[in-house]
Amino acid sequence: MSFSSELLIKVLVVLATAPVMALGLTLLEVKGSAWMQRRPGPLHVGLRGFIFPLATAAKYFQKETIIPKDVDEPVFKWAPAWVIAAVVGLFTIIPLSPTLVVRDLELGVFFLLAISSISTIGVLTAGWSSANKFSLMGGLRAAGQLIAYELPLILSVVGVVIQAETMSTVGIVEKQIEFGFPFVIAGQGIAFIIFMIAATAEMMRTPFDMPIGESELTMGFMTEYSGIRFLIFYISEYINLFVMCAIASTLFLGGYHIPLLPTEWVNFYGPLVLIGKTFILAFLLIAVRWSFPRFREDQLQTLAWKVLIPVSLLNIMVTAIMKVVF
Amino acid sequence: MEAIDIFSYFLLLLLLLSGIKVVTTSNVIHAAIFLVFTLATTAILFILLSAEFVALVLVLVYIGAVIVLFLFGVMITRAPLGPNAELDNDQNKIFATLISISIFGIFTYILLQTFDSTVVIREGTSTKLLGEILLSRFVFPFELVSFVLLGALIGGITLARKDNALMDEDQI
Amino acid sequence: MISYFQDYVTVGAMIGLGLLLFLVFISLSALLSPKKPTPEKIKTYECGVDPVGGGWSQTYVRYYIFGLLFVIFDVEAVFIFPWALNLENLGYFGLIEMFIFIFILLLGLIYAIRKDVLKWE
Amino acid sequence: MKILKESGERKTLNQSDQNEFINSIQSSFKNTSYNFDTLKINVDLSSWIDTHKILKKDFNLSFFNWLSAVDWDNEVKTGDAPKEPVTPSFEILSCLSQTNSNNLVISSTVISKENAEIESLVDVFAGANWHEREAYEMFGINFLNHPNLTKLYLPDDYEGNPLLKSFELISREVKPWPGDVDVEGMPEDSIVVEEKGS
Amino acid sequence: MSQTMDPNNMPILSEASVSVEIETEDMTLNIGPQHPSTHGVLRLVAKVNGEKISSVEPVLGYMHRGYEKLAEVRTYPQVTTLVNRIDWVSGFANEIPFIAGAEKLMEIEVPERAQYIRLILTEMARISSHFVFNGAFPLEIGALTPIFLAMEDRERVLDLLESVTGGRFHPNFNRIGGVKPVAGAGPTTKKDIQDLPAGFYHDTKVAMEKVLKAVDTFEDLIGGNEVFQARTKKVGVLTKEVAEEYGVSGPILRASGVEFDLRKQSDYLPYDKFDFEIPIGENGDCFDRWSVRTSEMRESAKIILQAIEDMPSGPIQAKVPKVIKVPKGQTYVRAENPKGEMGYYIISEGGLGPYRLKIRTASFSNISILPIMLEGALLPDLIAIMGSLDFVLGDVDR
Amino acid sequence: MSIQPILIAAAALFSIGIYGILVRRNAVMVLLSIELILNAVNINFVAFNAMLSDVFLNGQIFSIFIITIAAAEVGIGLAIVLMLFRNRETANINEFDLMKW
């Protein structure tokens, strides 16, 4: 198959899966939260409430997009584009099997970190251009939080890179298969926890949702957004949830592989295994979201700078020593 | 001419256009965003010049961090939303145009004289190799960088802190 | 080399796909949704009263310091990745090099903590 | 994890303590009354602040309950007029209590309607701030030395003082007082109820 | 450094750099009236510097209904319909002090059974009010689950209130001299009437056990949550001196360490017949305020369980004249409501309605400390502090 | 592809940066213009690296160092702007005439 037709197919597959995954996670979120809150959740929309996320999304398409008069229009209008482009771009490196991957980049993990940092600009400009005090504070909080937690995210990955000696995501999974254990057991347990905390903060989910903090800042940097642009922020959040959980399972949980399964059949079970692991991790984050209140802004920054970053640096040092000495 | 060359010319054009927008737009935030475009085209150009690691470093450090710092700076210095008429020194414009055009002219002349038809070679760069060189051949500057960064950190904190050093020590 | 360019064509295509999704969403919504702005509707939200003061004033310098710290450590991360790939070759020499590097930057973090810039009064 | 301490002993009403308190108040202030379990001190306008200081300091009445006013007038637009004619005036009431017993004192002073001015209590009890603002807008009483004597509830451009007896309720013009007195019939005798609710 | 200074006239450098802090025009932020966490239409005009609040000015009156004026043109029985709309979260409890005051002026002895019924329903109102608090407070600091659990449990209590009074929020159940018969039991004039619905004792027992269980759940789920503790402990500390001076009452005062509960100290209802504790806080912070309320729910449930055990039989209505006229007199009657001290100063001139009715509500005094407590706080703490004060706008504005 | 157009574009970017420095009145904008200049330099380094197909990757490593130093420079530069802004309530460089005091 020629490169271009292959690329076209891959793009189309991602085009189809990304929104489906977002909707699937939305459903998991509404049903999961309902289960945790002793209520039935959506029941009446379509197949026992199962097409509820689709109905919600469809609703937003028909809603008026209000652009307030004081906003900086081009910046305001394009702010969601930064976020969704960065998030969809990350699909490139998620491996469903050694061959079922959009592209296995040599710099895979580094690429992930570089691209994911772009969405900060989208959030900050969204907050600024809204000309609204709540948006501005939300945007600043969001930017402060995204940059503070990007570091632990980056640094926790370094341990994995040291162990795997490669930055390619497929290479990392293959290394884990070679090891026989996923990295979360083989030395990177702390890194995994840091990664999940930092990823939660990057996604601005409770208990790190003060940029949105609806009881303080009404809707944070999204206050002035309505209609389709709000939906784009919303959908990006869930695509991001999927991507981050998929990356976490790839880096730490053995990705598309489960020990004892025959590796030659990985193309068949790989996608299922990875999506399964992703949804389990996502459910973990959903359970956390519905159990905790949110931190305060200063507590959040303290946690990042005084705990997570030093600990992840320590993790790097320990991993490096283990690698060199043994 | 290869397709990749045409694309390169297009990129260079884009680079210059966004660069010009950075210095001519009357809105501070727009200028920062145009700088992002400039940097993004530069990053693509780097990739075409087979320097992928540098390109990603550019994205990670510049777009992901330095621009955010700029946006913070703009917001802290209370730039107004929307166009700002007082952004430029109007009386300087002609003078500045003359200077920059003459610099450009001299450079172009020299460049045309020096590099006649030298061709860029697009070949892969191994990041692993880059790391190895960085940590062996360039180990001294590498360590020096940490001191520079430490100095920048301490200096920045001292300057930006609320109870400024100026007030603490120099005031009696 | 072909593979290298294909890598980044793919990356470009994926980021382009993100932008395409954005544009498709926006244009679909433009077709489907009404557009009837009224003066009340397009007013800036401020809890139901008319906004007071300019939209805005300057923000905490603290955020700037967080940004500065981030930039510094981000640069550090840039150097850590090539090192992490080469740890096997570099051996103890690389280990010591990077430890000095990290240690010096940690001094910066400790300085920041000691100067209480991470604290919110 | 238990951060609360719970009061061990049960406090019961101590009638003798209360009587003692009432006696001590009555011996310290000339013009007092004790009706319907409510101890009221009538003080002169001039000693309004001093009385509160004494009550706070000497009688341990540190809890500021409320402050309000009454518009005494014979010609009323709303409600019933007093049965016996009264001198038109404002009566200022304030209520202080102790926080370890049920003891409570209501101080009262009278100011004239023409010169509706009184010293503010804010310096003695900071909590009087909002109560005085309320009285200011509802009665038009001017509290001297009040830090921020502005309207509390009503819009800034509102005219009139709603709680004055001369202030008409618009709805009562449509449906005059006392309206249809629609009182549910009360039982003739007290009723003994069969135990059914178990 | 102000811009008005003329650079030419500046003598020396040291003076020129005196003020290094940024001269902030603080950002004026309107929080409310249409804001998710102000419990209705309270508006706070906050001057903020970044995240820090430099001053707060509460703006009231968006709900002012003028009950003190309206009470002057209503008869005494009509006033009860007004007053149970003051604090609608615990509507029943609002009626008690007013009715007690009118009874005091008329010198009516209320039958014991009626007193017990009042007491049970008041405590139920307290429990339901604290349930709302236990849902709303965590919601405001970002935990979304407790409100669903709280509402589910409150429903049982409201069902009980409804089964007796016919109303869930505004029961209007008290009559001068006693209480109404059970909802749907026909006119009060009937000789042989039912005062409590069938199965009430059993249902109450079941519901109260559920309440006790719910309190345990809340203490685990909310109080045991590390993030909740980090958000509330040492936040919004209120000392007892300030609290007393501002007339802050109820659980907030008790959280600051003052052992003041009118149920123990006053005699408006026969609380002295029951065994219960008054929870007291130590630090006066948000966590203590939450903790005091939650423990109070347990005590209330205990009171109710005791009350239905030794419920006396007898009449539920004292003998009162057909048209109620209250003799001339003045009295102040106060009660321990869920939000704090609620009192009515009734001035009667012998007419059909009161000559003047001063309504002292708890939330009004309780939120008058907001400007002091919020000065210098961070914006997220504003929400936590406001939530911990547990006010209802109807109770503030009247 | 010849290296000339790349180098000329870099030179043009450099001149644009110079223009920005001269014209802009806002200090933050001046810093932005400096970034343009540094970016032009980076392009040159990477282009030369590609031209020489340097086995030691000197050009690329140099540009990484430049990016690093530029980050530090922005950090300090903006901090100075902030300090001046505190003193003078403006980010307008025309008014930063401290020596006049």
Side-chain angles (χ1 to χ4, degrees), chain D residues 1 3-7 10-13 35-38 40 62-66 68 70-71 78-80 82-83 93 95 99-102 104 106 125-127 129-130 138 152-155 162-163 167 169 172 177-178 181 183-198, chain E residues 60-61 64 66 68-69 72-73 75 77 104-105 188-189 191-197 200-201 244-247 258-260 264-267 272 277-282 291-292 295 313 315-320 322-323 329-332 347 349-353 355-356 358 360 365 368 397:
Chain D
M1 181 215 53
I3 61 118
L4 301 176
K5 68 169 196 257
E6 294 187 339
S7 73
R10 290 184 54 192
K11 277 219 180 73
T12 39
L13 288 174
N35 298 318
F36 303 107
D37 296 339
T38 306
K40 191 170 170 185
S62 55
F63 188 84
F64 183 81
N65 286 46
W66 50 270
S68 191
V70 187
D71 178 20
T78 52
D80 294 319
K83 287 276 152 61
L93 297 165
C95 179
T99 51
N100 51 7
S101 71
N102 195 27
L104 161 146
I106 298 204
F125 287 101
N129 192 324
W130 283 17
M138 291 297 168
L152 185 66
Y153 291 130
L154 302 171
L163 276 183
F167 188 90
L169 262 182
R172 283 301 165 205
W177 171 254
V181 184
V183 185
E184 192 181 325
M186 287 289 168
E188 298 295 322
D189 315 300
S190 65
I191 300 158
V192 179
V193 183
E194 300 277 315
E195 183 73 26
K196 280 185 182 171
S198 56
Chain E
L60 314 175
H64 186 61
E68 293 184 10
K69 183 78 175 175
E72 290 174 10
V73 295
T75 61
K104 192 165 267 179
L105 286 173
T188 330
T189 40
K191 276 261 176 190
D192 182 24
I193 56 165
Q194 195 186 356
D195 62 343
L196 287 174
F200 177 75
Y201 291 169
E244 286 181 8
E245 193 162 307
Y246 277 81
V258 180
E259 205 183 318
F260 181 52
K264 290 278 190 195
Q265 272 133 0
S266 186
D267 59 349
D272 52 338
E277 312 277 320
I278 307 171
I280 306 288
E282 273 174 343
S291 195
V292 163
S295 308
S313 51
I316 56 164
Q317 176 71 55
K319 199 174 172 183
V320 286
K322 193 151 196 166
V323 173
Q330 304 185 357
T331 189
Y332 179 60
I347 299 179
E349 282 294 313
L352 283 171
Y355 180 77
R356 166 107 174 85
K358 162 69 192 169
R360 192 263 189 221
S365 296
S368 69
D397 282 0

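Order of the sequence lines fixes the chain letters, A, B, ..., with proteins taken first and strands second; residue numbering starts at 1 for each chain.
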Residue pair D:Phe63 / E:Val258, side-chain heavy-atom distance below 4.5 Å: no
Contact check, side chains of D:Leu163 and E:Glu72, non-hydrogen atoms, under 4.5 Å: yes
[X] [atom1] to [Y] [atom2] distance, which is reported to the nearest 0.5 Å:
{"X": "D:Tyr153", "Y": "E:His64", "atom1": "OH", "atom2": "NE2", "value": "6.5 Å"}
{"X": "E:Ser365", "Y": "D:Trp130", "atom1": "OG", "atom2": "CH2", "value": "9.5 Å"}
{"X": "D:Asp37", "Y": "E:Leu105", "atom1": "CG", "atom2": "CG", "value": "10.0 Å"}
{"X": "D:Thr38", "Y": "E:Gln330", "atom1": "OG1", "atom2": "CD", "value": "8.5 Å"}

Least distance between heavy atoms, E:Glu245 atom then D:Ala126 atom: OE2-N, 3.1 Å
Top of D:Val70, D:Asn35, D:Asn129 for chain E proximity - count of heavy-atom pairs under 4.5 angstrom: D:Val70
Region of D:Asp71 that comes under 4.5 Å of a non-hydrogen atom in chain E: backbone
Which atoms of D:Ile106 approach chain E - backbone, side chain, both or neither, heavy atom under 4.5 Å: side chain
Which portion of E:Lys358 sits near chain D, non-hydrogen atoms under 4.5 angstrom: side chain
